[in-house]
Amino acid sequence: MPKLTIDGKQIEVEPGLTVLQACELAGKEIPRFCYHERLSIAGNCRMCLVGMERSPKPIASCAMPVAEGMVIHTDTPEVRKMRHGVMEFLLLNHPLDCPICDQGGECDLQDQALGYGFDRGRTREYRRAVKDKYMGPLIKTIMTRCIHCTRCVRFATEIAGVPELGTLGRGEHLEIGTYVEQAVTSELSGNMIDICPVGALTSAPYAFQARSWELEKTESIDVLDAVGSNIRVDARGPEVMRVLPRLHEDINEEWISDKTRFAYDGLKRQRLDTPYVRREGKLRPATWPEAFAAIAARVGKGRGSKIAAVAGDLADCESMLALKDLMTAIGSPHLDCRQDGAALDPATRAGYLFNTTIAGIEAADACLLIGTNPRFEASLVNARLRKRFLRGGFAVGAIGPKTDLTFPCEHLGDGPETLEAIGARKHPFAKVLEAAKRPMLIVGQGALARPDGAAVLALAREVAEAFGMVGRDAGWNGFNVLHTAAARVGGLDLGFVPGRGGRDVAAILDGCSRGDIDLVYLLGADEIDMGRLGEAFVVYQGHHGDHGAHRADVILPGAAYTEKDATYVNTEGRVQRAYRAVQPPGDAREDWAIVRALSEALGMKLPYDRIADVRARMAAANPVFKSVGTVSPAPWGGFGRKGPISPAPFQTPIENFYMTDPIGRASITMAKCTEILAKPAQRKTGTDG
């Protein structure tokens, strides 16, 4: 490994590092604007200049690889003078917008100007002004502030895979834009706001709303998909003001999807803040005792066999456990957390997890996608697939609708007959899987949420076993199920599925239509066909006036994910905790506490009064809940059920990326994205390799 001397200190580093990285390892802070650890090197800003002995001129440390015997100086008078000069050039045309700039307080240019800025301007020429560019409903541009670091251009091209940004002109006429006036169609575009080192790109929904130092910051977990992205919720008083990514190398790195970042305005619209009871055909406000009494009157009339419960996609583990315990006390085996009807087998944990893990994608060398479009079902998983593809030696084939995944992907076929051909080694892609050392497959809900889903799952398992995705390499499991619901894995881990003689979602709806089920408890379940509930008495517990609330006979107002301490399990099987950032509105309460209070009103008091007691009960029900933040490998076993398979092609489970849940459907920002971006972003262009 090369040894070099930095400010008199000798250090040994890994070959291939840059001088800037070596300086950071030596504890020296090097100012920079264009350099970013996850982007290619541009060397635009020249702020990272350092002195190197035997070099006739200063070097850009971000672009210079380390070499044996280098002697680097990072803090000499000459180096400081260079940086002062670079900063003066950067500020020549920069407007004095700090008092009105949303980047104020979080601006790299502000921070560096404090150390290297000049206290007066020496130029007498006119300042350059640049016309603001249109980039869609999410990004506000003030391009006169741009210092041409090209971070946004490189992010769009390299990470997002949507090369719609670029540079036009040369010299002082250089501008960054989209060539033609159009919105950036990436579902990760909001990350360009974070990496912009100045205020040229800011959040349009957040514009002029708050200053960073006014906000109370809470570390939490995103629940709008099943990735479990780590986020930071910034709130002021009772209102969530913005959502930002939090670093987690194994899940989302430092990125989040636009839905995660911008759907927060839906948290303050169409909220349920008081109980409601339907009287004379209309929902009317009620007190908690009145709502509980209305439920108790119906439960008292029926037997457990005529009562059912369905958990929605945003339900937390504590509330699902409490509701399961209540249903057990009532004597009902009819409960299900798979409201889309996906044929997931709860008996074998490896059969419903993303076993490779999200970070493990980078170790794979071939991938088969089955009935899934990860770009819109799990944007950060798709970004990780693209990252692996760019390294080379990663063949990707897809079975299902043609779509643009932001990286070349061979379209193999539309339906299960292609999967059968691969399993029988009658398809050319079978040779790719055979030659791979660490192949993987990803089964989506589009392949499982259909009548023959169990047979498709069994067929996918057979393919995984036949091509050595399981067992060939110690510690490698290439079988993956990609979920779209944050509650799904947690519900399966807790056994929120039909008991002996119990009904699943489809059977519950059939029972409601025929009168066999006369009370249905919807725990935030909004995605089922409400028209099939028939004459059943519906109790809806949730936080938005969405589909379930419109059909309900009793509404119990719950808390959204930013308003409660809760546990979620992501698609990998990683147990994570979300924390309360703001209080629930009005009379709304945490969901597990509502179920606990209802159990007392029904005379079936559950044996826990604190959330710690609920979590102890969860750990007793399944040991995976003892290990928060880690992924526990699941033992392999048999799952799925062989049977006839329909030739019908696989369909994507997500029609509109921006409105997959009650929060997104209540968001004005997501409505704008639907109008402007949904169709072009989800166009089926069929990018084939």
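Side chains included, hydrogens not; waters and symmetry mates left out as well; all remaining heavy atoms used.
- In this structure, the side chains of F394 and L385 come closer than 4.5 Å at one or more pairs of heavy atoms.
- Note: L244 CG to Y264 OH = 9.0 Å, rounded to the nearest 0.5 Å.
- I663 has its side chain within reach of H544: a pair of non-hydrogen atoms, C-beta onward, lies under 4.5 Å apart.
- Heavy atoms only, all atoms of each residue included: R232 and R246 are closest at N-CB, 4.4 Å.
- The environment of E249 atom CD is dense: over 12 non-hydrogen atoms of other residues, nucleotides or ligands sit within 6.0 angstrom.
- The side-chain heavy atoms of I295 and L598, taken from C-beta on, include a pair separated by under 4.5 Å.
- No more than 12 heavy atoms of other residues, nucleotides or ligands lie within 6.0 Å of CZ in R641, so this atom counts as exposed by the packing criterion.
- At distances below 3.5 Å, not a single donor-acceptor pair connects side-chain atoms of R388 with backbone N or O atoms of R384.
- Considering only residues two or more places apart in sequence or on other chains, A436 meets the side-chain contact (heavy atoms from CB on, under 4.5 Å) condition with D365, A366, P439.
- Cation-pi contact between R596 and Y608: absent, since separation from the ring centre below 6.0 Å together with deviation from the ring axis within 45° is not met.
- Side-chain N/O atoms of D591 and S319 include no donor and acceptor closer than 3.5 Å.
- For the pair F354 and I442, the minimum side-chain heavy-atom distance is below 4.5 Å.
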